[in-house]
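Note on naming: letters A, B, ... go to the chains in the order of the sequence lines (proteins, then strands), and numbering restarts at 1 for each one. What you see below is based on every heavy atom in this structure, not just the backbone, and it leaves out hydrogens, waters and symmetry mates.
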Number of protein chains: 2
Amino acid sequence: MALTIGELSRQAQVKVPTIRYYEQIGLLSEPVRTEGQQRRYGPEDVRRLNFIRHARELGFEVDAIRQLLDLASAPDRACGEVHDITIAHLDEVKSKIARLTALRDELEAMVGCDHRRISECRIIEVLADHGQCRHAEH
Amino acid sequence: MALTIGELSRQAQVKVPTIRYYEQIGLLSEPVRTEGQQRRYGPEDVRRLNFIRHARELGFEVDAIRQLLDLASAPDRACGEVHDITIAHLDEVKSKIARLTALRDELEAMVGCDHRRISECRIIEVLADHGQCRHAEH
DNA sequence: TCTTGAACCTCTAGTCACTGGAGGATGTAG
DNA sequence: CTACATCCTCCAGTGACTAGAGGTTCAAGA
């Protein structure tokens, strides 16, 4: 039941070059090869790649995923470390949301422009003059 | 009143290498040089760099900033194009907020884990099994 | 005038997570 | 055997910076 890289790609919904990249950076181990040097993967590779893809979709960085994979292969360890990695990531996501929300508010305040000439354009005025922003700090 | 690159950097709150980078990609024009080939900047350069920094802080991409700068230097043109660029950017920001908010919700649902062993860890379980996510699509 | 240290210069490559293309080999179906 | 899809490695690009090497300039102080 050995899979080609294309088959693994389709099963795990991860592109072929990305799979090669993950192997290069050590997230995936080097698979067995055919005589013609083609990669062949097994069910554990599918599972691991699914884990990686899922964690990437949740925005975890590659290094964090590396740690999570290590932890996942040590079932007797306390999961406090997993929790810490996830909480740190959650905090980062919340921080990004707050920043983007403030940014959205700024942009919305700017677009009240009613299509006059640029010499009278509020958007350009605001960009040219930081003092017109409602927030002192971006 | 010619400024060194360090002075410009401090006035506009943009790092020296970043100023050089902006010159390289054409956002800033090449300034006059001293006999010793050091850059010297004037008030218009300060204004332009402030505009750039402000737009970057608002998340506009470099190419969009290039367009905004072009438009800003044509005061008689209609500001519809400025509006379009800003609205497109605003939509992108809203989209990112929505994505991050969904992601935050997923992560929050995952961290109910109460520090047992990894073999029973909900975070690891969810990462290993996509079906446990509350959303079918990330 | 000389010395010293800060700031300047160009060049090159790295960051992060991929992505794309060139040039060639393999595998399978017809 | 042929044709085509898929495989391979290698190299470089993406976007917006960032860092460091090795050398030059400038200005203040002695």
Go through residues 21-36 of chain B and report each residue with a non-hydrogen atom lying under 4.0 Å from DNA chain D, sorted by number.
B:Y21, B:Y22, B:T34, B:G36

Start and end of chain B contact along DNA chain C [non-hydrogen atoms, under 4.0 Å]
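Nucleotide range in contact with chain B: C:dC8 to C:dT10.
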
Can you list the steps and then say if B:H89 with B:E61 is a side-chain contact (heavy atoms from CB on, under 4.5 Å)?
CA-CA 9 Å; B:H89 180 45; B:E61 291 177 354; over 6 Å; no

Is the shortest heavy-atom distance from the side chain of [X] to the side chain of [Y] under 4.5 Å?
| X | Y | value |
| --- | --- | --- |
| A:P31 | A:R39 | yes |
| B:D105 | B:E108 | yes |
| B:L127 | A:L58 | yes |

Determine whether the side chains of B:E92 and B:S95 contain a donor N or O and an acceptor N or O closer than 3.5 Å.
no

Look at atom CD of A:E30 and say whether more than 12 heavy atoms of other residues, nucleotides or ligands are closer to it than 6.0 Å.
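No.
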
Between A:G6 and B:R20, which is nearer to the 5' end of DNA chain D once each is assigned its nearest nucleotide?
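Checking each residue's closest nucleotide, the 5'-ward one belongs to A:G6.
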
Short side-chain to backbone donor-acceptor contact, B:T18 and B:V14, under 3.5 Å
no

First encountered from the 5' end of DNA chain C, between A:E61 and B:Q38
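Closest to the 5' end, via its nearest nucleotide, is B:Q38.
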
5'-most contact on DNA chain C: A:Q37 or A:P17, nearest heavy atom basis?
A:P17

Are A:I5 and A:I25 joined in one hydrophobic group, where the rule is that I, L, V, M, F, W and Y side chains link up if heavy atoms are under 4.5 Å apart?
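Same cluster.
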
What are the 5'-most and 3'-most nucleotides of DNA chain D lying under 4.0 Å from any heavy atom of chain A?
D:dC7 to D:dT9

Between B:D45 and B:R48, is there a side-chain N and carboxylate O pair less than 4.0 Å apart?
no

In plain terms, say whether A:R53 and A:E57 are close enough for a salt bridge, that is, a side-chain N and a carboxylate O under 4.0 Å apart.
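A:E57 and A:R53: salt-bridged.
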
